[in-house]
Novice: 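There's a structure below that I have some questions on.
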Amino acid sequence: MKPIQAVFFDIGETLINEGEIYGRWADWLGVPRHTFLTKLGAVLATGGDYADLFAYFRPGFDLAVEEKKRAEAGVPNGFGPDDLYPDARACLSALRAQGLYVGVAGNQPAEAAEQFAALGLEADVVGISAVWGVEKPSQEFFARCAEHAGVPPAHVLYVGDRIDNDVRPALAHGMRVAFLRRGPWGHIQRDDDALRRCQFVLDDLASLPGLVAARNDGGG
C-alpha cells in the first residue's frame, strides 16, 4: 500500500495568489497597496488576521456589507484564472496521473465554489468551508477530507501555507503534511518543531509530484 494515497491542497496562497485580491481591497478602501500589504505583514507577525487589517483601516468594517457594495459597484471580491499560481495546474494533474486522489479544501466563502470550478483544475473534490459548514483548524474539517478520499488520515498528505490553520491541525489529525513556504503567512509564521514533523517543506509546488512519487516508491 502506498504511504500517500490522497493529496489535499489549501486554496489561498497555496493554489491561489492572493496578492492582487488584497491589492483590490486596498484600492477599495483608498489605501496605497504597499501600505496595505505592509500592515498585513505587521498584523500577522503579532498574531492578528485579515479582520484586524480591515478594522485598522476602516473601524467597524463589515466584510459582508463591503462585499455587497463591491459587487454592486462591479468590482466583486474573489479570484479568477489570473490569480492561479503558475505551478498549481501542472502539480494537480501530475498527482492525479499517479493514480492518487486529489482534493482541494480551504477556508473560503460559498462564492468560492463557483469561482474555483471555473478554473477547470483536475481535482476529485473541492471543499469550501462555508459550504461544508466547518472550517480550519477544526479537526472535523480534516476528518471530512479523509472521508472524501476514503482512506485513513495517515495516508493523506495535506498541503498548506499556514502553520496555525494547516500544519498543526493536520498533524494533530494524523495526516502527513507538506508546508508550502510562500505568501505572507508562509514567511511570517514560525514553528520549527511542527516543521520538523512535516513530510515535506516546499518553496513551490513544482517539486511535489516527484517527491510524492519517490516517497511512495520507497514505501516510507
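What you see is a predicted model; the values in this text were computed from it and never measured.
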Novice: State plainly whether the residues D166 and K136 are in salt-bridge range, i.e. N to O under 4.0 Å.
Specialist: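 So D166 pairs with K136 through a salt bridge.
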Novice: Where is the tightest heavy-atom contact between A123 and V104, given as atom of each residue plus distance?
Specialist: CB-CG2, 4.1 Å
Novice: Output yes when a side-chain donor or acceptor of R181 lies under 3.5 Å from a complementary backbone atom of H187, and no otherwise.
Specialist: no
Novice: Might you point out which heavy atoms bring L92 and L15 nearest each other, and give the distance in Å?
Specialist: CD1-CD2, 3.8 Å
Novice: Under the 3.5 angstrom rule, does the side chain of E135 hit a backbone N or O of S129 as a donor-acceptor pair?
Specialist: no
Novice: Can D191 and R168 be counted as an ion pair, charged N to O under 4.0 angstrom?
Specialist: yes
Novice: Checking side chain to side chain contact (heavy atoms under 4.5 Å, CB included) for the pair L40/Y56: CA distance, chi angles, key distance, verdict?
Specialist: CA-CA 10 Å; L40 171 62; Y56 176 84; over 6 Å; no
Novice: Give me the ring orientation class for W132 and F141: parallel if the planes are under 30° apart, tilted from 30 to 60°, perpendicular past 60°.
Specialist: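 W132 vs F141 ring planes: tilted.
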Novice: For residues L205 and R182, determine if any side-chain heavy atom of one lies less than 4.5 Å from a side-chain heavy atom of the other.
Specialist: yes
Novice: Contact between L121 and F116 at the side-chain level, heavy atoms closer than 4.5 Å - yes or no?
Specialist: yes
Novice: With a 4.5 Å cut-off on side-chain heavy atoms, are F54 and D62 touching?
Specialist: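 Result no, sub-4.5 Å side-chain heavy-atom pair not found.
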Novice: Give a yes-or-no answer on whether the side chains of W25 and N77 include a donor-acceptor pair shorter than 3.5 Å.
Specialist: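 Indeed, the side chains of W25 and N77 share at least one donor-acceptor pair under 3.5 Å.
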Novice: Answer yes or no: is there a side-chain heavy-atom contact under 4.5 Å between D164 and P137?
Specialist: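 No, every pair of side-chain atoms sits at 4.5 Å or beyond.
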Novice: Can you check whether V125 reaches F8 side chain to side chain, under 4.5 Å on heavy atoms?
Specialist: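 Side-chain contact under 4.5 Å: yes.
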Novice: Please determine whether residues I21 and Y85 belong to a single hydrophobic cluster, defined as Ile, Leu, Val, Met, Phe, Trp and Tyr linked transitively by side-chain heavy-atom distances below 4.5 Å.
Specialist: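 Not linked; separate clusters.
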Novice: Restricting to non-hydrogen atoms, name the atom on G186 and the atom on F179 that form the minimum distance, rounded to 0.1 Å.
Specialist: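 Heavy-atom minimum between the residues: O-CZ, 3.5 Å.
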Novice: Compare every heavy atom of C198 with every heavy atom of V167, then report the nearest pair and how far apart it is.
Specialist: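 Taking every non-hydrogen atom into account, CG1-SG, 3.7 Å.
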Novice: Whether the side chain of T46 engages the backbone of V43 through a donor-acceptor N/O pair (distance < 3.5 Å, no angle test) should be reported.
Specialist: yes
Novice: Show your working on side chain to side chain contact (heavy atoms under 4.5 Å, CB included) between V177 and V159 and close with a plain yes or no.
Specialist: CA-CA 6 Å; V177 178; V159 186; over 6 Å; no
Novice: Which is it for L157 and F200 under the side chain to side chain contact (heavy atoms under 4.5 Å, CB included) test, yes or no, and what are the steps along the way?
Specialist: CA-CA 10 Å; L157 177 72; F200 311 115; 4.0 Å; yes
Novice: Determine whether a donor-acceptor pair (N or O, by modelled atom type, separation under 3.5 Å) exists between the side chain of E67 and the backbone of P76.
Specialist: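 Looks like no, no N/O pair under 3.5 Å.
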Novice: Hey, is the main chain of G106 close enough, under 3.5 Å, to the side chain of D10 for a donor-acceptor pair?
Specialist: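 No, the answer is negative, given that no donor and acceptor are paired below the 3.5 Å cut-off.
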Novice: Are more than 12 heavy atoms, taken from residues, nucleotides or ligands other than Y50, located less than 6.0 Å from that residue's OH atom?
Specialist: no
Novice: Report the distance from atom NE2 of H173 to atom SG of C145, rounding to the nearest 0.5 Å.
Specialist: 8.5 Å
Novice: Walk me through it: do K2 and V212 pass the test side chain to side chain contact (heavy atoms under 4.5 Å, CB included)?
Specialist: CA-CA 10 Å; K2 294 180 179 179; V212 170; over 6 Å; no
Novice: How far apart are the C-alpha atoms of N216 and Q98, what are their side-chain angles, what is the distance that settles it, and do they pass the side chain to side chain donor-acceptor pair (under 3.5 Å) test?
Specialist: CA-CA 10 Å; N216 279 341; Q98 293 179 28; 4.8 Å; no
Novice: Do the non-hydrogen side-chain atoms of L171 and M175 ever get within less than 4.5 Å of each other?
Specialist: no
Novice: About how many Å separate CG of L53 and CZ of F61, when rounded to the nearest 0.5 Å?
Specialist: 9.0 Å
Novice: Just checking F57 against F36, ring centres under 6.0 Å apart?
Specialist: yes
Novice: Give me the atom names and distance for the closest heavy-atom approach of Y158 to A105.
Specialist: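 Shortest heavy-atom separation between Y158 and A105 comes out as OH-O, 2.7 Å.
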Novice: Is it true that R33 and E20 make a salt bridge, defined as a side-chain N closer than 4.0 Å to a carboxylate O?
Specialist: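 Counted as a salt bridge, because a side-chain N and a carboxylate O are separated by less than 4.0 Å.
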Novice: Check whether any side-chain heavy atom of F142 lies under 4.5 Å from a side-chain heavy atom of P153, and answer yes or no.
Specialist: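 The answer is no; the side chains never approach within 4.5 Å.
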Novice: For the backbone of P3 and the side chain of H155, can you confirm whether one donor and one acceptor N or O come within less than 3.5 Å of each other?
Specialist: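 It does hold such a pair.
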Novice: For the backbone of F79 and the side chain of Q115, can you confirm whether one donor and one acceptor N or O come within less than 3.5 Å of each other?
Specialist: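 At least one qualifying donor-acceptor pair exists.
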Novice: Verify the neighbour count for atom CD of E72: are there more than 12 heavy atoms of other residues, nucleotides or ligands below 6.0 Å?
Specialist: yes
Novice: State the CZ-CD1 distance between R176 and I4, to the nearest 0.5 angstrom.
Specialist: 5.5 Å
Novice: How many angstroms lie between CG in D203 and CG in L180, if you round to the nearest 0.5 Å?
Specialist: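 If I round to the nearest 0.5 Å, the distance is 8.0 Å.
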Novice: Any chance you could measure F9, atom CZ, to T14, atom OG1, to the nearest 0.5 Å?
Specialist: 8.5 Å
Novice: Between E140 and R144, does any side-chain N to carboxylate O distance fall below 4.0 Å?
Specialist: yes
Novice: Between R162 and E13 (salt bridge meaning N to carboxylate O under 4.0 Å), is one present in this structure?
Specialist: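 Salt bridge flag = no for E13 with R162.
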Novice: Tell me if a side-chain donor or acceptor on T38 pairs with a main-chain N or O of H34 at a distance below 3.5 Å.
Specialist: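 Here the side-chain-to-backbone pair exists.
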Novice: Between D124 and R96, is there a side-chain N and carboxylate O pair less than 4.0 Å apart?
Specialist: yes
Novice: So, taking the atom named CG in D204 and the one named SG in C91, what distance separates them when rounded to the nearest 0.5 Å?
Specialist: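 Going from CG on D204 over to SG on C91, the span is 9.0 Å.
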Novice: Applying salt bridge (charged side-chain N to carboxylate O under 4.0 Å, His left out) to R89 and E122, what does each step give before you reach the verdict?
Specialist: CA-CA 7 Å; R89 190 179 300 278; E122 291 191 49; over 6 Å; no
Novice: Answer yes or no: is there a donor N or O on one side and an acceptor on the other, between the side chain of Y101 and the main chain of A146, under 3.5 Å?
Specialist: no
Novice: Taking side chain as C-beta onward, heavy atoms only, is V156 less than 4.5 Å from V7?
Specialist: no
